[in-house]
Chemist: 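If you scroll down you'll find the structure; I have some questions about it.
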Amino acid sequence: MKQVKKRPTEVFGYDCEANLNDKAFKLAIRQQYCKYIKSTCVKPRKSEPTIKVGICSLGASSATDKTMKPVIICPQRFKEDSVFESVRQSYLSNWTNVKWIPEVNIGVGGSVDYVAVEIGKKGEIKDFLCVELQAAGTTGSPYPAVQEIIHSGKFKSDSYNYGINWANEFSKTMMQQAYKKGKILESWKRKIVFVVQDIAIDYLKTATDCSLLTKSNKAMPVDFCTFTMLWDDNKSWNLKFDKIYSTSIEGINLMLGGASVNDYLTEEEFVQNIIKKGVADGILNRNFY
């Protein structure tokens, strides 16, 4: 495994460290071009909308073993041909004419990132599969590191001041989507598939009640199709299919609820935390100890 540092791993689709001096990388930076959507990057800076952030993934410690790994923070990064092909092989292997339609309205559930459809001989839709892409998000900003690349052609540090907002993107956002859309798909006796990194599921297993998360099960309404970021000798990171997890709507409810009851603090432990914080803030005196 290539060594990963706490700084942007991929910018505009290129590994930063391996491609810093490549003409293609420099051109992508100038044009703000994303090769995954074959167009201009769609992630603008909030303060300067014409400036695109361009960060596909960045180095961060995983939730389980704390080693630094590339974490995808832009859902466009999943639009790699191998991802669509892996989903096709896993779910649609018997389909003969597959089309992918983006951003399809699903009513009260919002919209679905992609719907794979099987087109019949008469042009009719014979079957469909709903697919969502879920990336991580950050706390703090890794963009100063990108500015260093743009202005000086190199990183000035091996560690930048940002973090991964695992809870917001996976425990909250993804689970809420899985619940709302999963209920709709379950009512149709169909399935919705969430494409995520393997480390996202690793996080959920440490932070939520995953007791009803099982290996792939066709009868379940919600699947998590996981991918691993692997380094190759062609100076790039590639997504490789890992495994499929399935769960029910009740399973999503448990994950939304957070950790298992067995992991809850006792009331006495919580009182001790109140005292520690109150003393640290100067609100309570040390006599409480």
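In what follows, every heavy atom counts, from backbone to side chain, and hydrogens, waters and symmetry copies are set aside.
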Chemist: Report the residue from D242, D198, D202 that forms a side-chain hydrogen bond (donor to acceptor under 3.5 Å, both in side chains) with T226.
Modeler: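 Testing each of D242, D198, D202 against T226, the sole residue satisfying side-chain hydrogen bond (donor to acceptor under 3.5 Å, both in side chains) is D242.
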Chemist: Of all the heavy-atom pairs spanning P221 and G182, show the shortest one and how long it is.
Modeler: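 What the structure gives for the nearest pair is CB-O, 4.2 Å.
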Chemist: Are the charged groups of D81 and R88 less than 4.0 angstrom apart, N to O?
Modeler: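 No, no charged N to carboxylate O under 4.0 Å.
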Chemist: Could you verify whether a donor N or O on one side chain and an acceptor N or O on the other, from S246 and D223, lie under 3.5 Å apart?
Modeler: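 Indeed, the side chains of S246 and D223 share at least one donor-acceptor pair under 3.5 Å.
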Chemist: Would you say the side chains of Q32 and T40 form a donor-acceptor pair under 3.5 Å?
Modeler: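 Not at all, the side chains of Q32 and T40 share no donor-acceptor pair under 3.5 Å.
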Chemist: Given the rule in the side chain to side chain contact (heavy atoms under 4.5 Å, CB included) test, do K5 and F155 qualify, once you have shown the distances and angles that lead to the verdict?
Modeler: CA-CA 11 Å; K5 300 171 183 176; F155 289 117; over 6 Å; no
Chemist: Of the non-hydrogen atoms in N19 and F25, which two are nearest, and what is the gap between them?
Modeler: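 Of all heavy-atom pairs spanning N19 and F25, the closest is O-CD2, 3.0 Å.
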Chemist: Is there a side-chain contact between Y91 and V131, using heavy atoms and a 4.5 Å cut-off?
Modeler: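 No, every pair of side-chain atoms sits at 4.5 Å or beyond.
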Chemist: For T138 and S141, indicate whether the former's side chain and the latter's backbone hold a donor-acceptor pair under 3.5 Å.
Modeler: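 The answer is no, because no donor-acceptor pair under 3.5 Å joins these two groups.
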Chemist: Would you tell me whether Q89 and E85 have side-chain atoms, one donor and one acceptor, within less than 3.5 Å of each other?
Modeler: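 Yes, E85 and Q89 have a side-chain donor paired with an acceptor closer than 3.5 Å.
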Chemist: Please examine the side chains of I164 and L58, heavy atoms only from C-beta on, and report whether any two atoms are closer than 4.5 Å.
Modeler: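 Sidechains of I164 and L58: in contact.
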Chemist: Would you kindly say whether E169 and Y203 are connected by a side-chain donor-acceptor distance under 3.5 Å?
Modeler: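 Side chains of E169 and Y203: no pair found under 3.5 Å.
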Chemist: Does one side chain, of E80 or S82, offer a donor that lies under 3.5 Å from an acceptor on the other?
Modeler: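 Yes.
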Chemist: With hydrophobic residues grouped by side-chain heavy-atom distances under 4.5 Å, do I37 and F12 end up in a single group?
Modeler: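 Per the 4.5 Å side-chain linkage, I37 and F12 are not co-clustered.
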Chemist: Can you list the steps and then say if W231 with D15 is a side chain to side chain contact (heavy atoms under 4.5 Å, CB included)?
Modeler: CA-CA 10 Å; W231 178 253; D15 176 82; 3.6 Å; yes
Chemist: Any sub-3.5 Å donor-acceptor pair from E132's side-chain atoms to D113's backbone N or O?
Modeler: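 Yes: the side chain of E132 pairs with the backbone of D113.
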Chemist: What I'd like to find out is whether the side chain of K277 reaches to under 4.5 Å of the side chain of D281, using heavy atoms alone.
Modeler: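 A side-chain contact under 4.5 Å exists here.
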Chemist: Give me the ring orientation class for Y114 and F84: parallel if the planes are under 30° apart, tilted from 30 to 60°, perpendicular past 60°.
Modeler: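 Aromatic pair Y114/F84 classed perpendicular.
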Chemist: Please check this pair: side chain of Y162 against backbone of R7, looking for a donor-acceptor N/O pair closer than 3.5 Å.
Modeler: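 Yes.
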Chemist: Would you call M229 and E10 a side-chain contact if the rule is heavy atoms closer than 4.5 Å?
Modeler: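 Yes, at least one pair of side-chain atoms sits under 4.5 Å.
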Chemist: What's the verdict on side chain to side chain contact (heavy atoms under 4.5 Å, CB included) for K69 and Q197, showing C-alpha distance, side-chain angles and the deciding distance?
Modeler: CA-CA 11 Å; K69 296 179 180 179; Q197 267 186 278; over 6 Å; no
Chemist: Cation-pi check for Y14 against K35: NZ or CZ below 6.0 Å from the six-membered ring centre and within 45 degrees of the axis, yes or no?
Modeler: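 Cation-pi check for K35 and Y14: passes.
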